[in-house]
Each structure stands twice: as structure tokens, then as C-alpha cells.
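Remarks on the structure that follows.
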Amino acid sequence: MRRPVVAGNWKMNGTVAEATAIVRGLLAALDGAPTAEVWVCPPTVWLTTVGSLLGDGPVRLGAQDVFWAEKGAFTGQTSPAMLKEAGVGACIVGHSETRGRFGKLEVLDTSLGFFAETDETVGLKVRSLLAVGLTPVVCVGETIVEREAGQTDSVIEGQIRGALGGLSPESVGSLIVAYEPVWAIGTGRTCDAAEAERVCGAIRGVLGSLAGTQQAESTRILYGGSVKADNASELFAQLNIDGGLVGGASLDPVGFAQIVLSAQ
Ligand code: PGA
């Protein structure tokens with residue numbers, strides 16, 4: 001049995017006061033330990049603050065990104081060991097936004113090179129996280145142009161093989177994959193539950209070809225992209241969807257708690 005996971009990605013949102021209010025509101029709304037494993041991923045600068053508010057409670061601390069080197073002259077970056085020391089247990093990698101693939105474009109095309117993550121760098125980040133015992137949450141997903149060109153499955157297969165190829169079967173079984181169609185992120189357009197299930201099943205198939213069916217059966221696969229309290233139950237009821245990666249809706253503690261409770 002795979003334990004469901006619901007992770008909240010706060011992205012670049014929240015003052016200290018707002019972060020504090022979200023955590024307090026979430027802990028109060030959950031009122032105890034839910035069935036699902038729950039993560040919140042605040043901006044890096046608030047990790048330790050949020051970590052002390054969470055304490056040893058039912059909600060765990062996650063990060064939004066990492067750099068793969070152990071230490072050195074890498075201005076602005078955060079290492080896996082630093083995240084671990086800050087109390088982080090899981091880290092998002094390969095989010096479409098760090099890959100420079102935006103569902104709702106708010107920057108000029110010419111600026112997108114700033115967000116330069118590739119399958120290769122995602123793979124380096126995954127390995128560096130596993131090496132210190134942190135759980136990678138590896139995001140994959142197609143743009144609307146790729147979907148309309150019938151390339152959804154091949155794009156996602158390429159992202160998985162490019163980042164996870166060569167990992168040990170046990171590592172593949174221990175990580176979390178999030179299927180996040182780029183066109184559904186922050187747009188209010190959720191992927192139909194049956195189609196999300198089809199793609200997540202295909203992801204499990206690719207993981208099986210990399211690591212064997214048994215390990216692929218252990219990998220938790222999440223859906224992300226406009227998950228809300230009113231669509232979470234249907235998505236999470238699908239056989240191959242083991243929970244959600246929630247962006248905008250994770251900033252509302254009561255709504256996020258409802259989403260967490262939908263993953264039973
Ligand atoms: P959204 O974002 O829930 O705001 O669509 C999801 C994500 O980017 O992880």
C-alpha cells in the first residue's frame with residue numbers, strides 16, 4: 001500500500017506573518033494526524049521559521065529547489081546538506097517553473113533562459129538529495145503545445161528517463177514523482193481525472209521499465225495543477241494517483257486541510 005502524500009508548494013509567496021498564519025491555521029484545521037503524509041514547501045528564506053512552527057507535528061517541512069554541489073562558490077544556491085540541517089525532509093525538483101515552462105506566461109520569452117533547469121540538472125539534484133537521505137519530488141509534465149501535438153507521453157517519458165535513468169531500483173521506489181501538466185498550473189484548468197490517471201499509469205509504466213514493476217509499485221505519483229478542495233477527491237480516488245502537489249490552494253490553510261483530508 002502506498003501512503004498518500006499531499007504537498008503544498010507555496011512558491012514565492014508569504015511574509016513571515018503570513019507563513020506563520022498558514023502553518024497555525026493548517027495545524028488547527030487538521031486537528032491531529034491525517035492519513036496522508038503532508039508537506040509544506042515555503043520559500044527557502046522561511047524554512048527554519050516554518051520548521052520551528054511545525055515542530056514534531058503531523059506536517060513536514062519541504063523545500064522548493066536545491067543545488068547539487070556539496071558546497072563552494074555557487075552564489076545564491078542551497079545545498080542538500082543545508083536543507084537537511086534546516087529540518088527539510090523532501091525537496092521539489094524539476095518544477096515546470098524552474099524549467100522555464102510557464103502555464104501562464106508572465107515574463108518575456110527572452111527572459112526564460114533564467115529558469116534553466118534541464119532533465120540532466122534534475123537528475124543531478126535527485127542524486128544529491130538521495131545521497132543525504134532527502135526525498136526528491138520530481139516534477140514532469142507537458143505544455144499545451146506538446147499536448148496538442150500528441151506528444152504528452154513521449155515528453156514525459158523523456159523527462160523521466162533523462163532525470164532518473166541509471167538510479168538504483170530502490171531509489172526509484174523511494175522517490176515521489178509529480179505529474180504536473182504545465183497548462184494546468186496556476187490557470188484554474190485542471191486535467192480531467194481520467195486523463196490524469198492515464199498519464200500517471202503511463203508514468204508508472206516507464207518507472208517499471210527503469211526499476212522493475214515491484215519498485216515502481218512503491219513510487220508515489222502525485223497529480224499537480226489547479227488542485228482545489230472541490231476536485232481533489234476525484235483525482236485522489238484514481239488508482240495511480242497517490243495524492244497531490246498543490247500550489248495556489250496551499251496558501252489557504254482551511255482549503256489545503258480539506259485537500260489533505262481528501263487523500264485517505
Ligand atoms: P497550482 O500549482 O496548484 O497553483 O496550479 C501547482 C504546482 O505548481 O505545483
Side-chain angles (χ1 to χ4, degrees), residues 4-14 18-19 22 26 36-44 50 59-66 88 90-107 112 115 117 122 125-126 135-144 146-147 155-156 159-160 163 175-193 195-196 199-200 203 220-236 238 241-263:
V5 187
V6 178
N9 174 8
W10 294 1
K11 308 193 179 181
M12 198 176 71
N13 291 294
E18 285 161 349
I22 295 172
L26 178 60
E37 193 175 293
V38 192
W39 297 90
V40 289
C41 307
T44 310
V50 169
V59 178
R60 306 189 201 180
L61 184 66
Q64 297 179 15
D65 199 8
V66 67
V88 165
C91 180
I92 298 168
V93 291
H95 193 281
S96 56
E97 288 155 11
T98 52
R99 292 179 192 257
R101 290 151 63 87
F102 289 80
K104 202 173 53 174
L105 207 60
E106 287 174 339
V107 293
L112 287 180
F115 304 92
E117 193 157 30
V122 175
K125 291 177 181 185
V126 166
T135 304
V137 180
V138 185
C139 302
V140 295
E142 81 288 359
T143 62
I144 193 66
E146 290 160 349
R147 172 160 283 269
V155 165
I156 290 167
Q159 290 171 337
I160 294 173
L175 50 77
I176 297 173
V177 175
Y179 169 49
E180 297 215 309
V182 180
W183 48 271
I185 294 177
T187 58
R189 275 183 76 185
T190 316
C191 184
D192 174 73
E195 173 60 7
V199 177
C200 291
I203 289 172
R220 270 100 51 95
I221 303 179
L222 313 183
Y223 168 80
S226 298
V227 175
K228 304 267 182 291
D230 61 7
N231 60 26
S233 303
E234 193 191 359
L235 287 158
F236 299 169
Q238 309 300 314
I241 300 181
D242 305 312
L245 181 54
V246 184
S250 70
L251 298 169
D252 163 26
V254 173
F256 185 59
Q258 276 171 7
I259 296 172
V260 169
L261 297 173
S262 314

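If you're wondering where the values come from, they're calculated on a predicted model, not measured in any experiment. Atoms within a ligand are numbered from 1 in the order they appear, just like the ligands themselves.
- Taking CG from Leu251 and CZ from Phe256, the interatomic distance works out to 9.5 Å, rounded to the nearest 0.5 Å.
- Across all their heavy atoms, Tyr179 and Gly141 have their closest contact at CE1-CA, 4.1 Å.
- With no hydrogens or angles considered, a side-chain donor-acceptor pair links Thr190 and Asn231 at under 3.5 Å.
- Contact shell of ligand 1 (protein heavy atoms, cutoff 4.0 Å): Asn9, Lys11, His95, Glu180, Ala184, Ile185, Gly186, Gly225, Ser226, Leu245, Val246, Gly247, Gly248.
- Panel note: side chain Arg60, backbone Ala90; no donor-acceptor pair is recorded below 3.5 Å.
- Listed here is the closest heavy atom pair of Ile259 and Ala232: CG2-CB, 4.0 Å.
- Across all their heavy atoms, Gln64 and Cys91 have their closest contact at C-SG, 4.3 Å.
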